[in-house]
Participant: 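Quick one: structure below, then a few questions.
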2 protein chains.
Amino acid sequence: MTTRPPRPRERGIPEATVARLPVYLRALQALQDRGTATVSSEALAGAAGVNSAKLRKDLSHLGSYGTRGVGYEVEYLIYQISRELGLTQDWSVAIVGIGNLGRALANYGGFGTRGFRIAALLDADPEVVGRSVASLDVRHIDSLEEVVRTKGVSIGVIATPAGSAQGVASRFVEAGVTSILNFAPVVLNVPDGVDVRKVDLSIELQILAFHAQRRADGDGQTHRSGLEVT
Amino acid sequence: MTTRPPRPRERGIPEATVARLPVYLRALQALQDRGTATVSSEALAGAAGVNSAKLRKDLSHLGSYGTRGVGYEVEYLIYQISRELGLTQDWSVAIVGIGNLGRALANYGGFGTRGFRIAALLDADPEVVGRSVASLDVRHIDSLEEVVRTKGVSIGVIATPAGSAQGVASRFVEAGVTSILNFAPVVLNVPDGVDVRKVDLSIELQILAFHAQRRADGDGQTHRSGLEVT
DNA sequence: CCCACTTTGTGCGTGCTTTCACAAGCACGT
DNA sequence: ACGTGCTTGTGAAAGCACGCACAAAGTGGG
């Protein structure tokens, strides 16, 4: 554990920064589509909805890719962020649970920024298995392990009902998948080394309700100015 | 400061805590369904996937609802958290954009924990308008203002393509909606006092990719133990 | 060649979050 | 009535994250 010869590499990008990089990336791509070649931190921050100092600090974690007095070259920055996020390689994704949500995900054109390829759609319902969704045949959940192996799936997406989610997660893990995106409203139990992210509609609604109630409560003159406007 | 007559009230619950309350709530409801009457912070924290000290501190912001040596009474705690989150009143929700995602949301049974009522589904596509989804008629987007007014909509959900999202958001705001849940991959621009939350599939995938790449990079023996296992 | 102007990169203070560790409190058995 | 054992609630410490404000660095005009 001594050598790190060709690597003045950045050690550990803060989690909060990582979460914002995709937002910057999207804003940059919009700028590129509009033909913009160069952008200042101020302008990009505006487009991404963040403070410009924060943006500069975030970018500084990747390296010094700006030019003082000028700004950032859009194309170059897109490349650097993409590389940092690992989007220069292809990620193979399997989606389990082809209900409305699964279909919505399967059809999510281009899958945001490219880099993600849907390798397989799986479901347990015989009614759904065999159908074609987004130009892919829905396969039976029993072939999960085989699909992961043959298609080199590295990211598993769970869009099943809550009751089936843990089982699917365990099978993913068992099959060697170490990145899971979970849409089911349950806390998944996975071993260390497996990365689970959760997307949960009802939690978001409840947070909104909390703030709405708070606004309604204190309504009189104590209006609250600084609301999160992500 | 001697008096605190009718208000041992909590002032300002930390945002991080608010974001976790729905998770606790769900875990508690699962316990209740299983017939559990009482739970310790340790056990509940386990079910919610957090540290028990964190859980206790979170709950302490609501008040002292536990009994030392025993734990928390499940039913009572459910009530307290629900009240704090504003789930004891009904929230009227309108969903705009009835594609696959919109349909998935509309069918999201019970809408997590009750408290949320889908008041209307709206879309711009004449092909979709008039159809019945989840026992509701899809109405044309032009009636947004009327629907908000007559149905008392307080939360707007945007499930449209990126291009239409800002327009819809502005109309919501104009109509008086101050809570918005946005599924479209764009940064919404709204005035102060409007609360926007964002749910973004491709951002989550990119974050997963980042961590996966990082694991692959440093793979040798420098394995990283402390991964987020939300 | 130098000066005025612009914009990046970052040191620093501030406030929020998490975690530890323990005193205070309650139940129950004797 | 009292001691034992368990669990809560919280002070204090450490770690992150944010945003200000400014020095450093580059551009372009005269």
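Chain naming here is simple, since letters A, B, ... match the order of the sequence lines and numbering starts at 1 in each. Here the structure is a predicted model, which means the values were calculated and not measured.
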Participant: Would you mind reading off the distance between A/Y72 atom OH and C/dT6 atom P, rounded to a whole angstrom?
Facilitator: 18 Å

Participant: Taking atom types as they are modelled, is there a donor-acceptor pair under 3.5 Å from the base of C/dT7 to the side chain of A/R68?
Facilitator: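 No such pair is found, so the answer is no.
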
Participant: Indicate the atoms forming the closest heavy-atom contact of B/V74 with B/T38, along with that distance.
Facilitator: CG2-N, 3.8 Å

Participant: Whole Å only: how far is the CG atom of B/N51 from the P atom of D/dG15?
Facilitator: 16 Å

Participant: Roughly how many Å is it from CZ in A/R56 to C1' in D/dA21, rounded to a whole number?
Facilitator: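 It works out to 10 Å between those atoms.
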
Participant: Please give, in whole Å, the distance from C/dG9 P to A/E42 CD?
Facilitator: 14 Å

Participant: Could a donor-acceptor pair under 3.5 angstrom be found where the side chain of B/K57 meets the base of C/dT19?
Facilitator: yes

Participant: For A/Q80 and C/dG9, what is the distance between atoms CD and P respectively, to the nearest whole Å?
Facilitator: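 Going from CD in A/Q80 over to P in C/dG9 covers 12 Å.
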
Participant: For B/R214 and A/D195: C-alpha separation, side-chain torsions, deciding distance, then whether salt bridge (charged side-chain N to carboxylate O under 4.0 Å, His left out) applies.
Facilitator: CA-CA 12 Å; B/R214 165 150 300 219; A/D195 194 5; over 6 Å; no

Participant: Could you check which of C/dT7, D/dA17, D/dT8 has an atom nearest any side-chain atom of A/P14?
Facilitator: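 Minimum distance to the A/P14 side chain belongs to D/dA17.
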
Participant: Quick one: B/D58 CG to C/dC16 P, roughly how many Å, whole number?
Facilitator: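 Rounded to the whole Å, the gap is 15 Å.
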
Participant: Pick base, sugar-phosphate or nothing for B/A16, based on heavy-atom distances below 4.0 Å to the nucleic acid.
Facilitator: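 Counting heavy atoms under 4.0 Å across all strands, the contact made by B/A16 is with sugar-phosphate only.
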
Participant: Roughly, in whole Å, what's the span from CG in A/L44 to P in C/dT7?
Facilitator: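 After rounding, the reported distance stands at 14 Å.
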
Participant: Rounded at 0.5 Å granularity, tell me how far CD1 in B/I203 sits from CG in A/L21.
Facilitator: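 One finds 10.5 Å between CD1 of B/I203 and CG of A/L21.
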
Participant: Identify which nucleotide among D/dT8, C/dT19, D/dC18 has an atom closest to any side-chain atom of B/S41, counting heavy atoms from C-beta outward.
Facilitator: D/dT8

Participant: If each of B/G69 and B/A53 is mapped to the nucleotide of DNA chain D with the nearest heavy atom, which maps nearer the 5' terminus, i.e. the 5' end?
Facilitator: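 The residue mapped nearer the 5' terminus is B/G69.
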
Participant: Output yes when at least one side-chain N/O atom of B/S64 is less than 4.0 Å from OP1 or OP2 of D/dG9, else no.
Facilitator: yes

Participant: Rounded to whole Å, how long is the line connecting atom NZ of A/K54 with atom P of C/dC16?
Facilitator: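 Between P of C/dC16 and NZ of A/K54: 14 Å.
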
Participant: So, taking the atom named CZ in B/F116 and the one named CG in A/L208, what distance separates them when rounded to the nearest 0.5 Å?
Facilitator: 7.5 Å

Participant: Where the side chain of B/T67 is concerned, which of C/dG9, C/dC26, C/dT19 is the nearest nucleotide?
Facilitator: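 Side chain of B/T67 sits closest to C/dC26.
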
Participant: To the nearest 0.5 angstrom, please state how far the OH atom of B/Y24 sits from the CG atom of B/L62.
Facilitator: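 Here the rounded value is 10.0 Å.
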
